[in-house]
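Here the structure comes first, spelled out in structure tokens, and everything after it is commentary.
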Number of protein chains: 2
Amino acid sequence: MKYDPNKKQSRGIERTQRAFAAAMFNSLAEKPFDKITVNALCKRADYPRATFYNYFDDKFDLLDFCWYKIAQDINIEIPNPNIDKSTIIQNFAQIYKLFDQYHILFQNIIDNNPIDSQLVNHFIHYFTEVIYESIKCNLNLKAIKAPAELVAQHCSTTIIEVLKWIFLGKHDVSLEDAEEYLNELLSGPVQV
Amino acid sequence: MKYDPNKKQSRGIERTQRAFAAAMFNSLAEKPFDKITVNALCKRADYPRATFYNYFDDKFDLLDFCWYKIAQDINIEIPNPNIDKSTIIQNFAQIYKLFDQYHILFQNIIDNNPIDSQLVNHFIHYFTEVIYESIKCNLNLKAIKAPAELVAQHCSTTIIEVLKWIFLGKHDVSLEDAEEYLNELLSGPVQV
DNA sequence: TCCATACTTGGACAGTTGTAAAATTACAAA
DNA sequence: TTTGTAATTTTACAACTGTCCAAGTATGGA
């Protein structure tokens with residue numbers, strides 16, 4: 001992201017960024033992402049174009065900011081220096097609940113954008129990265145050859161895959177079932 | 001893709017499409033994807049812009065065609081009505097060899113594009129889809145709750161993940177080791 | 001209060017995108 | 001060879017993108 005949202009920012013800057021994010025969220029709810037132009041976002045947020053480019057490189061950069069705002073609520077506990085399968089499933093529950101809060105937004109997004117669109121991929125990718133960052137280096141692995149980074153990547157992908165299936169694939173799955181799905185996928189679901 | 005490459009096409013059409021694909025491959029080898037414009041591709045392929053839009057919706061559509069040309073060589077055997085883990089690993093070997101043939105191209109792509117760029121994601125996504133299409137409906141699953149489609153998705157993602165690690169992540173891994181990695185990921189690598 | 005500095009804004013610009021229509025070319029049947 | 005149809009290319013266009021600069025506006029410190 002162009003602006004580091006972690007560093008403290010003046011009230012004005014935050015207000016402006018929030019206005020653009022709101023414009024994006026509202027636009028996403030009503031039309032496909034590739035029909036959303038920077039011009040339209042500026043009109044909606046009621047800021048001039050130059051201000052947009054002050055804060056964001058392009059509309060993807062704004063998207064990053066939007067996902068960041070959603071992901072802020074995720075507070076993955078990484079006290080555990082060795083994360084095992086049950087820890088993963090615990091954290092999964094937290095993200096499930098977060099996604100559930102936003103399920104109307106996701107519904108709208110999916111109604112306007114194909115599941116394999118740039119937009120959805122961008123979203124998926126962002127959250128996979130969030131998970132990955134929180135579990136890499138801390139996984140408690142079996143005695144295997146595969147490198148830890150690869151396994152961490154695999155776990156985060158799997159977690160997001162289940163959530164994608166549920167919240168972007170229009171499958172109504174309870175948290176309990178979702179946890180079971182995840183557990184199965186992480187345990188080797190295919191016959192030997 | 002705008003043009004269905006499966007349906008038979010006149011020699012002229014194929015020549016034109018190949019020219020654009022070649023222009024794309026050559027450009028990819030020397031600069032980042034987002035610096036490649038349709039204009040430049042046309043200049044390189046020596047065709048007018050309107051011809052480009054005759055065959056492709058945009059540069060992503062051309063990319064689809066490029067990956068399609070590579071993927072053509074994959075001939076996944078789906079005689080088996082129930083694919084188990086060893087079948088998956090067999091097919092994996094075939095794709096590993098295919099990717100290995102193109103490893104110089106992939107090297108160049110990675111030198112010019114970040115691993116999490118739109119371009120790489122597009123590539124990954126395309127091949128995940130190819131694998132998914134070939135294994136869905138035929139997986140021999142354990143007695144589990146997770147739906148078959150989700151598991152198929154998970155398997156194809158895992159396969160491509162290992163290949164990404166090797167060929168796009170600059171990790172030199174032999175076929176034998178790669179098969180072992182895949183087997184471990186599909187067997188549940190994390191401690192319970 | 002004043003000033004210096006940083007940030008915001010408006011306008012302009014070159015380059016790009018995707019589309020639509022008109023003009024040309026290729027090709028196959030008579 | 002002629003002719004009609006379809007495929008291909010040309011040209012023109014309106015809109016968008018990202019960057020730059022200069023004028024305007026806040027803001028905080030002295």
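We name chains A, B, ... by the order of the sequence lines, and we start the count at 1 in each one.
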Counting heavy atoms from C-beta on, name the nucleotide in C:dT16, D:dT9, D:dG18 closest to the side chain of B:Thr37. C:dT16

Mind calculating the distance between NZ (B:Lys35) and C1' (D:dT19) to the nearest angstrom? 12 Å

Residue A:Thr51, side-chain heavy atoms: nucleotide from C:dG18, C:dT8, C:dA20 that is nearest: C:dT8

B:Leu41 has an atom CG; how far is it from atom C1' of C:dT16, in whole Å? 13 Å

Find the distance A:Tyr47:OH to C:dG10:C1' and express it as a whole number of Å. 16 Å

Mind telling me whether A:Phe106 and A:Phe123 have parallel, tilted or perpendicular rings, with 30° and 60° as the class edges? perpendicular

Among the nucleotides C:dT9, D:dT9, D:dG18, which one has an atom lying closest to any side-chain atom of A:Arg49? D:dG18

Using the ring centroid of each side chain, check whether A:Tyr55 and A:Phe65 are separated by less than 6.0 Å. no

Select one nucleotide: of D:dT8, C:dT9, C:dG18, the one nearest the side-chain heavy atoms of A:Asn54. C:dT9

Presence of A:Tyr55 side-chain N/O under 4.0 Å of C:dT8 phosphate oxygens OP1/OP2: yes

Send over the distance from A:Ile13 CD1 to D:dT27 C1', rounded to a whole Å. 12 Å

Within this structure, what is the CG-to-C1' distance between B:Asp34 and D:dG18, rounded to whole angstrom? 13 Å

Nearest whole Å is fine: how far is D:dC20 C1' from A:Phe52 CZ? 17 Å

Aromatic rings B:Phe60 and B:His122: how do their planes relate, parallel, tilted or perpendicular, breaks at 30° and 60°? tilted

Which atoms form the tightest heavy-atom contact between A:Ser27 and A:Ala23, and what is the distance? OG-O, 2.7 Å

In this structure, how many angstroms lie between the P atom of D:dT17 and the CG atom of A:Asp61, rounded? 14 Å

Rounded to whole angstroms, how far apart are CG on B:Asp58 and P on D:dT17? 15 Å

Measuring from B:Leu175:CG to B:Asp100:CG, what's the distance to the nearest 0.5 Å? 9.0 Å

B:Tyr53 vs C:dA20: side-chain N/O to OP1/OP2 distance below 4.0 Å: no

Starting from the 5' end of DNA chain D, give me the residue, A:Ala50 or A:Asn39, whose nearest nucleotide shows up first. A:Asn39

With a 4.0 Å cut-off on heavy atoms, is B:Phe56 in touch with a base, just the backbone sugar-phosphate, or nothing at all? nothing

